[in-house]
Asks: 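The structure follows.
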Amino acid sequence: MEILSTPPALIDEVCMASVSSETYEVAAVAAVRQPDAVGRRVRAQGWVRTRRDSKAGFSFLEINDGSCLANIQVIAETSLPNYESEIKKLGPGCSVAVCGEVVASSGQGQATEIKAQEVIVCGWADPEMYPLQKKRHTFEKLREWAHLRPRTNTFGAIARVRNCVCRSIHDFFQERGFLYVHPPIITASDCEGAGAMFKVTTFDLAKVPMQNGKPDFAQDFFHRPAFLTVSGQLEAEILACALGKVYTFGPTFRAENSNTSRHLSEFWMVEPEMAFFDLTDNMQVAEDFLKRIFGDVLSRCGDDMKLFNEHVDNTVVETLERIVASRFHRLTYTDAVDILQRSGRKFEFPVEWGVDLQSEHERFLTEEEFKSPVILYDYPKEIKAFYMRMNDDGKTVRAMDVLVPKVGEIIGGSQREERLDVLESRMREMNLDPAVYWWYLDLRRFGTVPHAGFGLGLERVLQFITGMGNIRDVIPFPRTPGSAEF
RNA sequence: UCCCCGAUAGCUCAGUCGGUAGAGCAAGCGGCUGUUAACCGCUGGGUCGUAGGUUCGAGUCCUACUCGGGGAGCCA
């Protein structure tokens with residue numbers, strides 16, 4: 001366990017003036033809590049969670065610095081010079097730096113504690129005004145305090161799990177020789193038709209230049225309509241068709257007026273794209289990928305996952321453990337429809353070959369029929385995008401969706417159509433103008449290769465991992481219709 | 001965007017048949033205690049989401065709007 005760390009510069013400037021001449025190692029709470037930290041002289045810095053006074057001549061302070069779920073208990077004796085003037089007035093939310101020796105704790109619940117030689121108050125938090133109380137708050141209320149909710153146990157845990165997942169994403173692809181690539185965030189074409197897009201413009205909206213009753217985009221910044229990306233897939237294909245295996249990882253924007261617990265207007269998406277991969281290879285990558293993420297979270301975020309399991313959803317740990325050890329069920333769309341029709345279950349929306357599966361159908365498959373993630377593939381061409389590879393039956397395309405219990409679709413992907421003539425006829429069928437996609441078609445015109453890829457919604461994965469019911473609670477600053485505070 | 005539900009103290013909620021508001025927690029003060037969601041006592045704290053309407057009288061009934069939640073569609 002590494003105990004030395006770089007102190008935040010700002011805090012140090014604020015506090016160093018009053019620090020005694022003795023030296024202390026700046027240490028994270030996570031490190032100080034380890035039994036082997038006993039005997040070290042440390043400086044712990046963070047926010048007070050609670051204070052308890054003892055008439056035995058000292059107060060207990062619980063300090064959290066976000067390095068782990070748990071706090072470090074500080075023993076602040078009445079003999080400290082600022083005990084009456086400051087320490088007795090500390091409460092939830094105050095920021096402090098504590099210098100002292102790490103000692104074995106004589107109480108229950110922690111191995112170590114800090115016997116304070118100095119307690120420096122950096123910032124006060126008026127208990128009459130500070131919103132966070134020493135009690136449970138609803139997630140809805142905490143959402144109104146997005147600037148303070150990272151200081152709570154649950155949202156601190158979410159931040160750490162989110163970080164762990166992002167690290168796993170990079171590790172997984174980097175170890176397998178993928179290149180991390182960056183598609184544009186501003187895009188000029190509504191390539192995929194994957195929902196409404198946010199417009200990007202420098203026009204003065206009070207006086208937009210008009211031409212024949214329409215905005216004259218020739219005068220706009222990019223000399224044409226521009227949007228925020230809804231997917232980096234088409235650009236990722238360009239890069240894959242030169243570099244082999246690539247992945248993107250960045251923000252994605254959808255202006256869809258979706259008001260659900262599973263949709264955000266701004267979310268993070270991972271999109272691997274692999275040249276010389278077919279749909280079977282693609283499914284294997286998706287499965288290995290999810291298992292790696294879940295496995296890493298279990299091994300690196302044990303305390304945080306324990307919190308989710310105890311206070312949010314008591315099945316999450318068991319579910320992740322089972323998935324890591326199991327094999328995903330793979331079946332065609334056609335087989336899935338067959339299972340649903342023969343289930344005897346009365347669905348609100350009847351199942352029929354050719355229609356898109358509803359939430360209730362996906363949930364039946366993942367939660368009842370298989371009780372595990374399910375990969376569905378070979379979907380009817382009518383309900384999937386133009387770029388997905390046509391099967392020989394002429395009716396289905398090489399699409400795949402990875403479905404998980406509760407959250408539903410967590411990954412959507414396909415093998416891409418690499419045959420120029422087939423792709424062009426598919427575009428015409430769907431009333432898309434091939435001329436607009438000239439560069440996309442060039443990839444098939446010059447040195448085309450079979451390739452495949454998928455998209456994974458980061459927040460959907462986090463929802464699944466943590467059991468959090470609302471996607472707005474697994475991203476620090478959720479953007480949704482009518483909501484962009486903070 | 002559609003359907004349903006909700007909005008009362010800092011937070012979570014109760015409030016009967018329409019008659020000017022209550023609890024728990026939090027906070028302040030005091031007590032007790034190597035405590036750890038600490039505990040015990042006292043005190044303060046409200047334009048009942050906003051705007052109209054019905055009524056002698058509205059937290060309560062009606063309408064619209066705003067915000068929040070659940071479900072649906074779209075999807076990741």
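Sequence lines set the chain letters: A, B, ... in the order given, protein chains first and strands last, and positions in each chain run from 1. It should be emphasised that the depicted structure is a prediction, and the values quoted were computed from it without experimental measurement. Keep in mind that the numbers below use all heavy atoms, side chains included, and drop hydrogens, waters and symmetry copies.
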Asks: Decide yes or no on side chain to side chain contact (heavy atoms under 4.5 Å, CB included) for R479(A) and L264(A), but give the supporting numbers first.
Replies: CA-CA 6 Å; R479(A) 246 90 270 217; L264(A) 291 165; 6.0 Å; no
Asks: On RNA chain B, nearest-nucleotide positions of G469(A) versus D401(A): which is more 5'?
Replies: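 That would be G469(A).
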Asks: Out of U12(B), G10(B), A76(B), which has the shortest distance to the side chain of K141(A)?
Replies: U12(B)
Asks: Could you list the donor-acceptor pairs under 3.5 angstrom formed by side chains in residues 373-382 of chain A, with sequence neighbours left out?
Replies:
from: D378(A); atom 1: OD1; to: N391(A); atom 2: ND2; distance (Å): 3.1
from: D378(A); atom 1: OD1; to: R398(A); atom 2: NE; distance (Å): 3.3
from: D378(A); atom 1: OD1; to: R398(A); atom 2: NH2; distance (Å): 3.4
from: Y379(A); atom 1: OH; to: D401(A); atom 2: OD2; distance (Å): 3.3

Asks: For G71(B), take OP1 and OP2 only and decide whether either is under 4.0 Å from a side-chain N or O of S261(A).
Replies: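 So the side chain of S261(A) is within the cut-off, an N or O lying under 4.0 Å from OP1 or OP2 of G71(B).
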Asks: Show me the pairs that pass salt bridge (Lys or Arg N to Asp or Glu O under 4.0 Å) and involve residues 80-109 of chain A, at least two apart or across chains.
Replies: none
Asks: How about N309(A) and N314(A): does a side-chain donor come under 3.5 Å of a side-chain acceptor?
Replies: no
Asks: Expressed as a whole number of Å, how far does the P atom of U33(B) sit from that of U43(B)?
Replies: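 My reading of the P atoms in U33(B) and U43(B) gives 24 Å.
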Asks: Listed by chain and number, what are the salt bridge (Lys or Arg N to Asp or Glu O under 4.0 Å) partners of E140(A), not counting sequence neighbours?
Replies: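 Residues passing salt bridge (Lys or Arg N to Asp or Glu O under 4.0 Å) with E140(A): none at all.
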Asks: For the pair made of CD in E144(A) and C1' in C11(B), what is the distance, rounded to whole Å?
Replies: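 To the nearest whole Å, that distance equals 11 Å.
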Asks: With C1' as the reference atom in both, quote the distance from G59(B) to G22(B) in angstrom, rounded to an integer.
Replies: 12 Å
Asks: Can you list the residues that meet the side chain to side chain contact (heavy atoms under 4.5 Å, CB included) rule with T248(A), with sequence neighbours excluded?
Replies: V181(A), P183(A), A236(A), E271(A)
Asks: Whole angstrom is fine here: how far is it from CZ in R262(A) over to P in G73(B)?
Replies: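 To the nearest whole Å, that distance equals 8 Å.
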Asks: Return the value, rounded to whole Å, for the distance between atom CZ of R136(A) and atom C1' of G10(B).
Replies: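 Nearest whole value for this atom pair: 17 Å.
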Asks: Does a side-chain N or O of K135(A) approach OP1 or OP2 of C11(B) to a distance below 4.0 Å, or not?
Replies: no
Asks: Could you give the CD-to-P distance, from Q133(A) to C25(B), as a whole number of Å?
Replies: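 Taking CD of Q133(A) and P of C25(B), I get 12 Å after rounding.
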Asks: Take nucleotides 42-48 of chain B nucleotide by nucleotide from the 5' end and write B, S or -, depending on whether a protein heavy atom sits under 4.0 Å from the base, only from the sugar-phosphate, or from neither.
Replies: -------
Asks: Looking at residues at least two apart in the chain, or sitting in another chain, which of them share a side chain to side chain contact (heavy atoms under 4.5 Å, CB included) with A159(A)?
Replies: none
Asks: Taking only the P atom of each, what is the distance from G44(B) to G49(B) in whole angstrom?
Replies: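 Going atom to atom, P in each nucleotide, I get 25 Å.
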Asks: Let me know the distance between CD of E140(A) and P of C11(B), rounded to the nearest Å.
Replies: 14 Å
Asks: side-chain contact (heavy atoms from CB on, under 4.5 Å) with I185(A): which of T252(A), L228(A), V200(A)?
Replies: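 The option that passes is L228(A).
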Asks: Between A76(B), G70(B), A38(B), which one does the side chain of N470(A) approach most closely?
Replies: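 Of the candidates, G70(B) comes closest.
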Asks: In this structure, how many angstroms lie between the P atom of G70(B) and the CZ atom of R472(A), rounded?
Replies: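 That distance rounds to 8 Å.
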Asks: Relative to each other, are the rings of Y440(A) and F386(A) parallel, tilted or perpendicular (30° and 60° limits)?
Replies: perpendicular
Asks: According to ring-ring contact (aromatic ring centres under 6.0 Å, His included), who are the partners of F253(A), at least two apart in sequence or on a separate chain?
Replies: none
Asks: Tell me, please, which residues at least two apart from E77(A) pass salt bridge (Lys or Arg N to Asp or Glu O under 4.0 Å).
Replies: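 Only K115(A) meet the salt bridge (Lys or Arg N to Asp or Glu O under 4.0 Å) criterion with E77(A).
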Asks: Does S258(A) get its side chain close enough to the base of C75(B), under 3.5 Å, for a donor-acceptor pair?
Replies: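 Checked by distance alone, the answer is no.
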Asks: Return yes if a side-chain donor-acceptor contact under 3.5 Å exists between E237(A) and H451(A), otherwise no.
Replies: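 Looking only at side-chain atoms, H451(A) and E237(A) do form a donor-acceptor pair, the distance falling under 3.5 Å.
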Asks: Can you give me the dot-bracket string for RNA chain B, 5' to 3', counting Watson-Crick and G-U wobble pairs with both distances under 3.5 Å, using [ ] for crossing pairs and | for partners on another strand?
Replies: (((((((..((((.....[..)))).(((((.......))))).....(((((..]....))))))))))))....
Asks: Can you name the atoms? Protein N/O to nucleotides 2-6 of chain B N/O, anything below 3.5 Å, with the distance.
Replies:
none

Asks: Looking only at atom P, what distance separates U47(B) and U60(B), rounded to whole Å?
Replies: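 After rounding to an integer number of Å, I get 16 Å for this pair.
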Asks: Expressed as a whole number of Å, how far does the P atom of G71(B) sit from that of G28(B)?
Replies: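 Here G71(B) and G28(B) have their P atoms 39 Å from each other.
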Asks: Could you check whether the side chain of H137(A) and the base of C11(B) have a donor-acceptor pair of N or O atoms closer than 3.5 Å, going by distance alone?
Replies: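 Donor-acceptor pair under 3.5 Å: no.
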Asks: For atom P, what is the distance between U55(B) and U66(B), given to the nearest Å?
Replies: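 U55(B) and U66(B) have their P atoms separated by 28 Å.
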Asks: To the nearest Å, give me how far apart CD1 (I114(A)) and C1' (U36(B)) are.
Replies: 16 Å
Asks: Please list, for nucleotides 31-35 of chain B, all pairs of protein and nucleotide N/O atoms separated by less than 3.5 Å.
Replies:
from: U33(B); atom 1: N3; to: D53(A); atom 2: O; distance (Å): 2.7
from: U33(B); atom 1: O4; to: D53(A); atom 2: O; distance (Å): 2.7
from: U33(B); atom 1: O4; to: K55(A); atom 2: N; distance (Å): 3.4
from: G34(B); atom 1: N1; to: S106(A); atom 2: OG; distance (Å): 3.4
from: G34(B); atom 1: N1; to: E113(A); atom 2: OE2; distance (Å): 2.7
from: G34(B); atom 1: N2; to: Q73(A); atom 2: NE2; distance (Å): 3.0
from: G34(B); atom 1: N2; to: E113(A); atom 2: OE1; distance (Å): 2.5
from: G34(B); atom 1: N2; to: E113(A); atom 2: OE2; distance (Å): 3.2
from: U35(B); atom 1: O2'; to: R52(A); atom 2: NE; distance (Å): 3.1
from: U35(B); atom 1: O2; to: R52(A); atom 2: NE; distance (Å): 2.7
from: U35(B); atom 1: O2; to: R52(A); atom 2: NH2; distance (Å): 2.8
from: U35(B); atom 1: N3; to: Q73(A); atom 2: OE1; distance (Å): 2.9
from: U35(B); atom 1: N3; to: Q73(A); atom 2: NE2; distance (Å): 3.1
from: U35(B); atom 1: O4; to: Q73(A); atom 2: NE2; distance (Å): 2.8
from: U35(B); atom 1: O4; to: Q110(A); atom 2: NE2; distance (Å): 3.2

Asks: Under a plain distance cut-off of 3.5 Å, with no hydrogens placed, do Q110(A) and S105(A) share a side-chain donor-acceptor pair?
Replies: yes
Asks: Would N153(A) and R49(A) count as a side-chain hydrogen bond (donor to acceptor under 3.5 Å, both in side chains) here? Give the steps.
Replies: CA-CA 10 Å; N153(A) 287 337; R49(A) 283 296 180 79; 2.7 Å; yes
Asks: To the nearest angstrom, how far is L290(A) atom CG from A76(B) atom C1'?
Replies: 12 Å
Asks: Just checking, any donor-acceptor pair under 3.5 angstrom between side chains of Q73(A) and R52(A)?
Replies: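 The answer is yes; a qualifying pair exists.
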Asks: What residues form a side chain to side chain contact (heavy atoms under 4.5 Å, CB included) with T260(A), not counting sequence neighbours?
Replies: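 In terms of side chain to side chain contact (heavy atoms under 4.5 Å, CB included), with neighbours along the sequence ignored, T260(A) is linked to R262(A), H263(A).
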Asks: Using a cut-off of 4.0 Å on non-hydrogen atoms, how would the nucleic acid contact of R51(A) be classed: base, sugar-phosphate, or nothing?
Replies: nothing
Asks: What nucleic acid atoms does I410(A) come within less than 4.0 Å of, heavy atoms only: base, sugar-phosphate, or nothing?
Replies: sugar-phosphate
Asks: Could you work out the separation of A58(B) and U50(B) based on their P atoms and round it to a whole Å?
Replies: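 Approximately 15 Å lies between the P atom of A58(B) and that of U50(B).
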Asks: Determine the Euclidean distance between corresponding C1' atoms of A38(B) and C4(B); express it in Å to zero decimal places.
Replies: 43 Å
Asks: Look at S359(A) and G73(B) and indicate whether a side-chain polar atom (N or O) is within less than 4.0 Å of OP1 or OP2.
Replies: yes
